[in-house]
Novice: 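Okay, handing you the structure first.
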Amino acid sequence: MTIRLQDTLSGEARPLEPLEPGHVRVYTCGPTVYGPAHIGNFRSFLFADLLIRYLRYRGLRVTWVMNLTDIDDKIIRGAAAEGVSIAELAGRYTARFLADADALGMTRPDVLPRATEHIPQITDLVATLLDRGHAYRTEDGSVFFRIASWPAYGRLARLDPEAMRVGERVEADEYAKDDVRDFALWKAPKPGEPSWDTPIGPGRPGWHIECSAMSMTHLGPSFDIHTGGVDLVFPHHEDEIAQSEAATGLPFVHAWLHCAHLRMGGEKMAKSTGNIARVADLVAAGVSPRALRYALIAVHYRAPLNYTEDSLPAAAAAVERVDALLAALAGYREGRPDDPTLPAALDAIRAAFEAGLDDDLNVSEALAALFDGVRDLNRRIDARALSTADAARATAFIRELDAVLGIAAPEADALDPELQDLVDRRAAARAARDWAESDRLRDELLARGIAVEDTRDGQRWRALVTSGG
RNA sequence: GGCGACGUGGCGAAGUGGCCUAACGCGGGGGUCUGCAAAACCCUUAUUCAUCGGUUCGAAUCCGAUCGUCGCCUCCA
C-alpha cells in the first residue's frame, strides 16, 4: 500500500516516497494576517491538516511548516488605516487565526515561521539570485526576478510565458521592471513603510520570496509536499519554484497539492467580493465547530465544495451519528464471550478506510468506510453480540480512524454540575416510573443541548451537535 | 481570447470499461424496539449517470459534438 498524491506540476498521481525514508516534510502556504481568515481559507488548511493526520496515522514522521505572512501591502495599509504598528495588527490576526484553527481541531504545525523573523534568510536568497544572474536591481533599489532567465517558467500553471507579454498591466505597476512578467523579490523602502537595513540594501521582502526562504530554512532546499489553494498556483507557486530552483539548482518540491475553492452562492468565496463566512461568527451563531470541520473536509480536496445553508445541518447529523455510536459503546455492558467475527469486520473497514485515503486522500471513500463501520457496530450492539471488552475494542478502533478525521466528540467531557443534577434526577424519576417528571426533565435537558436516551444499558446522555440558527 | 476543472437520486457525494438494476452521508415514507420518546436496526426512496452521436461483446466510465457551471491567466487558501 502506497500513498499516492496528485501533483500539479507533473499532472500525475505520484507515489509518496519521502526524500528521507519515513520522514515527510510538508510546507503549507499559510495566511496573510491582515484580517480574519474565512472558511474558504480554512478549507485548504484543513485539507493540509487531514493530510498531516493521515501521514502520522500511517506511522510516518512528519514535519509540518505553515508560514504566517506578517508583512505585505495589505498589512501595511491596514495598520496605517488603524494607526497601529504592523506588528500589532499582524499579532492580533495571528492570534485570531490560531484561535479559529484550534476551534476547528486543526493540528498545530510544528513550525509557524513569520516572514519578519526570516529577513536574513530572505536577503541571502535574493543575494544568491543576484549573483547567479537571475535577478536584477532597479534604480530605486528594488530587486526583481528575471523570468527570461528561467526557461521552465510557466510549467506549473501551464501558462505560456510568451503569451503573458501582453502588458496591459504595465502602467499599473509601480516599479520600473525590465519585463512586465518579472516579479519583485525585494521592494525598496517608501516613506511610511516598514523597512529593514540589509546587506542587499534597505527595503522589505516580496511575497513569493518569503515562502521560498521559510520553506527552505525549515525543510531544506528540497522537500516532499507543498500545499495551498488553487489560486496560489499562479503566480505564487510558479514564482516560488523559479526563484528556489534558480538559487539552489535543486528540485524544489516533490509534490504540489492544490485545494479547490470553497464556493458560496455558486462563486468562489473571497474577501475581495465579500461573500465570506467566518469561523468565529458561525460558532457564535451556535454552529458546532465539529460540524463545520466535517462540512469543510467531507468533499475531496480537488473538487469545488459548495457551501450552503444546508451544509451544516447535514454535517451535524453525520457527526452526531458517530457520537451516538461512541455513546452507545461507552455504556454497553454484556457478560458474554467476545464476538469472534468482530476482528475481521474491523480489519475490512480499516482496509477500506486506508485504501480511500491512500488514493490521493479520497475522503469520501474513507467516510463511507467509517459509516459502514458505524452501521456494523450498531447492528452488533442491537444484537447484543459484543462482549463488554469488544465494545472497548470497537471504541478504540473508531477513535483511531477519527484521529485522522477529527470529527468525533472528545471523550469524557464532564457535564456541568447543574446539568448533571438534572440527568440524575431524570434517572431517579424514571426508576420511580414517574413518567411526567422524567419526561419533563428530558425535555428540559434537550432544550439545553443534552439528549437523554434510555437503553438496555440504562439511561445515557449525549451533547447534541448543533448547526446554528 | 488562452489554459484547466466539472455536470451522477430531493440535497451532498463516491465510482472512470464488465462485481453498477450505481457506495456513503443528509432528507422523505413505512416498520421493529420503547411507558412515551430518542438513538439504533430493518424495508423503501436513480433500470439510471447533462444532451446527442460514435467506439466496444459490454460505457456513468473511452472518443467527438452540443449545452451548462466554475476556476486561473491580477491581490487571493
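Predicted, not measured: the structure shown is a model, and the values here were computed from it. The chains referred to below are lettered A, B, ... by the order of the sequence lines, with proteins before strands, and numbering in each begins at 1. For the numbers below, each heavy atom of this structure counts, side chains included, while hydrogens, waters and symmetry mates do not.
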Novice: Heavy atoms from C-beta onward define the side chain here; which of G25(B), C76(B), A13(B) lies closest to that of Y294(A)?
Specialist: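 The answer is G25(B).
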Novice: For C33(B) versus C42(B), give the span between their P atoms, rounded off to a whole number of Å.
Specialist: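 Their P atoms lie roughly 16 Å apart.
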Novice: Report the relative orientation of the aromatic rings in Y294(A) and F371(A); use parallel for angles under 30°, tilted for 30 to 60°, perpendicular for over 60°.
Specialist: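 Perpendicular, since the angle between the ring planes exceeds 60°.
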Novice: Check every strand shown and say whether G40(A) touches a base, only sugar-phosphate, or nothing at a heavy-atom separation below 4.0 Å.
Specialist: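 Answer is base: heavy atoms of G40(A) come under 4.0 Å of a base.
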Novice: E437(A) has an atom CD; how far is it from atom P of G35(B), in whole Å?
Specialist: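 After rounding, the gap between these two atoms is 19 Å.
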Novice: Do H226(A) and H258(A) have a side chain donor and acceptor closer than 3.5 Å?
Specialist: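 On atom types as modelled, these side chains do not qualify, holding no pair under 3.5 Å.
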Novice: Please give, in whole Å, the distance from A77(B) P to N41(A) CG?
Specialist: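 Interatomic distance, CG of N41(A) to P of A77(B): 5 Å.
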Novice: With the threshold set at 4.0 Å, does a side-chain nitrogen-carboxylate oxygen contact exist between R442(A) and D439(A)?
Specialist: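 Salt bridge: yes.
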Novice: Choose from C76(B), C42(B), A40(B) the nucleotide whose nearest atom is closest to any side-chain atom of R379(A).
Specialist: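 Looking only at heavy atoms from C-beta outward on R379(A), the closest nucleotide is C42(B).
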Novice: Does A260(A) reach a base, just sugar-phosphate, or nothing at all? Heavy atoms under 4.0 Å.
Specialist: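 Base contact.
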Novice: G266(A) near the nucleic acid: base, sugar-phosphate alone, or nothing, with a heavy-atom cut-off under 4.0 Å?
Specialist: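 Since only primed, P, OP1 and OP2 atoms lie under 4.0 Å of G266(A), the category is sugar-phosphate.
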Novice: Could you tell me the Watson-Crick or G-U partner of G1(B), where both distances fall under 3.5 Å? Say none if there is no partner.
Specialist: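 Looking at the geometry, G1(B) pairs with C73(B).
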Novice: How far, in whole Å, is A60(B) from U16(B) if one measures between their P atoms?
Specialist: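 It comes out at 13 Å once rounded to the nearest Å.
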Novice: Closer than 3.5 angstrom, by distance alone: can the side chain of R14(A) be matched with the main-chain N or O of H254(A) as a donor-acceptor pair?
Specialist: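 It does hold such a pair.
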Novice: When you look at F42(A) and F97(A), which way does the ring-ring contact (aromatic ring centres under 6.0 Å, His included) test go after all the steps?
Specialist: CA-CA 9 Å; F42(A) 277 106; F97(A) 169 74; 5.4 Å; yes
Novice: Counting only heavy atoms from other residues, nucleotides and ligands, does the tally under 6.0 Å from CZ of R158(A) exceed 12?
Specialist: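 Counting neighbours around CZ of R158(A), more than 12 heavy atoms of other residues, nucleotides or ligands fall under 6.0 Å, so yes.
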Novice: Across the strands shown, which category fits T308(A) at heavy-atom distances under 4.0 angstrom: base, sugar-phosphate, nothing?
Specialist: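 Touches nothing.
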Novice: In whole Å, I'd like the distance from the CZ atom of R158(A) to the P atom of G71(B).
Specialist: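 Whole-Å distance recorded here is 20 Å.
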Novice: Provide the distance between the two P atoms, one in U47(B) and one in A40(B), to the nearest whole Å.
Specialist: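 Looking at atom P only, U47(B) and A40(B) are 28 Å apart.
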Novice: Provide the distance between the two C1' atoms, one in C67(B) and one in G30(B), to the nearest whole Å.
Specialist: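 It comes out at 40 Å once rounded to the nearest Å.
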Novice: When only distance counts, do a donor and an acceptor, one from the side chain of R442(A) and one from the base of C36(B), lie under 3.5 Å apart?
Specialist: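 By the distance-only test, yes, there is a pair.
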Novice: Without decimals, in angstroms, what is the distance between F183(A) CZ and C73(B) P?
Specialist: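 So the CZ-P distance, F183(A) to C73(B), works out to 15 Å.
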Novice: Both distances under 3.5 Å, Watson-Crick or G-U wobble: report the partner of U21(B), or none.
Specialist: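 When the pairing criteria are applied, nothing turns out to pair with U21(B), so the answer is none.
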Novice: Rounding to an integer number of angstrom, what distance separates C26(B) and U21(B) when you compare their C1' atoms?
Specialist: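 Their C1' atoms lie roughly 24 Å apart.
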Novice: For the base of C76(B), is there a side-chain donor-acceptor partner from D72(A) under 3.5 Å away?
Specialist: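 It does not, because no donor-acceptor pair links the side chain of D72(A) to the base of C76(B) below 3.5 Å.
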Novice: Would you classify V233(A) as touching base, sugar-phosphate or nothing, given that sugar-phosphate means primed atoms plus P, OP1 and OP2, and contacts are heavy atoms under 4.0 Å?
Specialist: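 Counting heavy atoms under 4.0 Å across all strands, no contact is made by V233(A).
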Novice: Would you indicate what E320(A) reaches in the nucleic acid, counting non-hydrogen atoms under 4.0 angstrom: base, sugar-phosphate, or nothing?
Specialist: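 Here E320(A) touches no strand at all.
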Novice: Kindly confirm whether the side-chain ring of F42(A) is stacked on the base of A77(B), judged by centres under 5.5 Å and planes under 30°.
Specialist: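 It does not: the ring fails the test against the base of A77(B).
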Novice: Using the P atom as the reference point in each nucleotide, state the distance between G15(B) and A5(B) in Å, no decimals.
Specialist: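 Looking at atom P only, G15(B) and A5(B) are 16 Å apart.
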Novice: Of the options A77(B), C24(B), U69(B), whose atoms approach the side-chain atoms of R263(A) most closely?
Specialist: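 Among the listed nucleotides, the one closest to the side chain of R263(A) is U69(B).
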Novice: Expressed as a whole number of angstroms, how long is the span from Q459(A):CD to C36(B):C1'?
Specialist: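 After rounding, the gap between these two atoms is 14 Å.
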Novice: N362(A) has a side chain; which of C24(B), A14(B), C72(B) sits nearest to it?
Specialist: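 Comparing C24(B), A14(B), C72(B) against the side chain of N362(A), the answer is A14(B).
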Novice: Taking all heavy atoms of D376(A) and all of A345(A), pick out the closest pair and write down the distance.
Specialist: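 Looking at all heavy atoms of both residues, the closest pair is OD2-CB, 3.5 Å.
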Novice: Please evaluate the base of C76(B) for a donor-acceptor partner in the side chain of K268(A) within a cut-off of under 3.5 Å?
Specialist: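 Donor-acceptor pair under 3.5 Å: yes.
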Novice: Report the distance from atom CD1 of I381(A) to atom P of U32(B), rounded to the nearest whole Å.
Specialist: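 So the two atoms are 22 Å apart, to the nearest Å.
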Novice: State whether R460(A) and D454(A) are salt-bridged, where the test is any N-O pair (Lys NZ or Arg NE/NH1/NH2 against Asp/Glu carboxylate O) under 4.0 Å.
Specialist: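 Answer for the salt bridge query: no.
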Novice: Within this structure, what is the CG-to-C1' distance between N378(A) and A40(B), rounded to whole angstrom?
Specialist: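 My rounded result for the distance is 5 Å.
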Novice: Assuming nearest nucleotide by heavy-atom distance, tell me which of R460(A) and L367(A) is located more 5' along RNA chain B.
Specialist: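 By nearest-heavy-atom nucleotide position, the 5'-most residue is L367(A).
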Novice: Of the nucleotides A40(B), A39(B), A14(B), which has the atom closest to the H300(A) side chain?
Specialist: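 Per side-chain heavy atoms of H300(A), the pick is A14(B).
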Novice: Counting only Watson-Crick or G-U wobble pairs whose two distances fall under 3.5 Å, which nucleotide matches C67(B)?
Specialist: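 Answer to the pairing question: G7(B), which forms a Watson-Crick or G-U pair with C67(B).
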Novice: Record whether the side chain of D439(A) comes under 3.5 Å of the base of G35(B) through a donor-acceptor pair of N or O atoms.
Specialist: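 Yes.
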Novice: R426(A) has a side chain; which of C42(B), G35(B), C75(B) sits nearest to it?
Specialist: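 For the R426(A) side chain, the nearest candidate turns out to be G35(B).
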Novice: Do T227(A) and T28(A) get their side chains close enough for a donor-acceptor pair, meaning under 3.5 Å?
Specialist: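 Side-chain D/A pair, T227(A) to T28(A): present.
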Novice: If each of K271(A) and A157(A) is mapped to the nucleotide of RNA chain B with the nearest heavy atom, which maps nearer the 5' terminus, i.e. the 5' end?
Specialist: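 Here A157(A) is the residue nearer the 5' end.
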Novice: Can you tell which of A77(B), G35(B), G25(B) lies closest to the side chain of M269(A)?
Specialist: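 Minimum distance to the M269(A) side chain belongs to A77(B).
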Novice: Determine the interatomic distance between P on C41(B) and the same-named atom on C49(B); round to the nearest Å.
Specialist: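 Straight-line distance between the two P atoms is 31 Å.
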Novice: Could you please name the option among A13(B), C41(B), C72(B) that lies closest to any side-chain atom of H261(A)?
Specialist: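 It is C72(B).
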Novice: Using the P atoms only, state how far U44(B) lies from C24(B), rounded to an integer number of Å.
Specialist: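 Nearest-Å result for C24(B) against U44(B) at atom P: 12 Å.
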Novice: OP1, OP2 of C75(B) versus side-chain N and O of R77(A): anything below 4.0 Å?
Specialist: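 Indeed not, no polar side-chain atom of R77(A) lies that close.
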Novice: Taking the side chain of E365(A) as heavy atoms from C-beta outward, which of G15(B), A77(B), A23(B) is closest to it?
Specialist: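 Taking heavy atoms from C-beta onward, the closest nucleotide is G15(B).
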Novice: Checking contacts here: which listed nucleotide (C72(B), G15(B), G35(B)) is nearest the side-chain heavy atoms of F234(A)?
Specialist: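 Closest nucleotide to the F234(A) side chain: C72(B).
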Novice: Quick one: D73(A) CG to C75(B) P, roughly how many Å, whole number?
Specialist: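 Atom CG in D73(A) sits about 10 Å away from atom P in C75(B).
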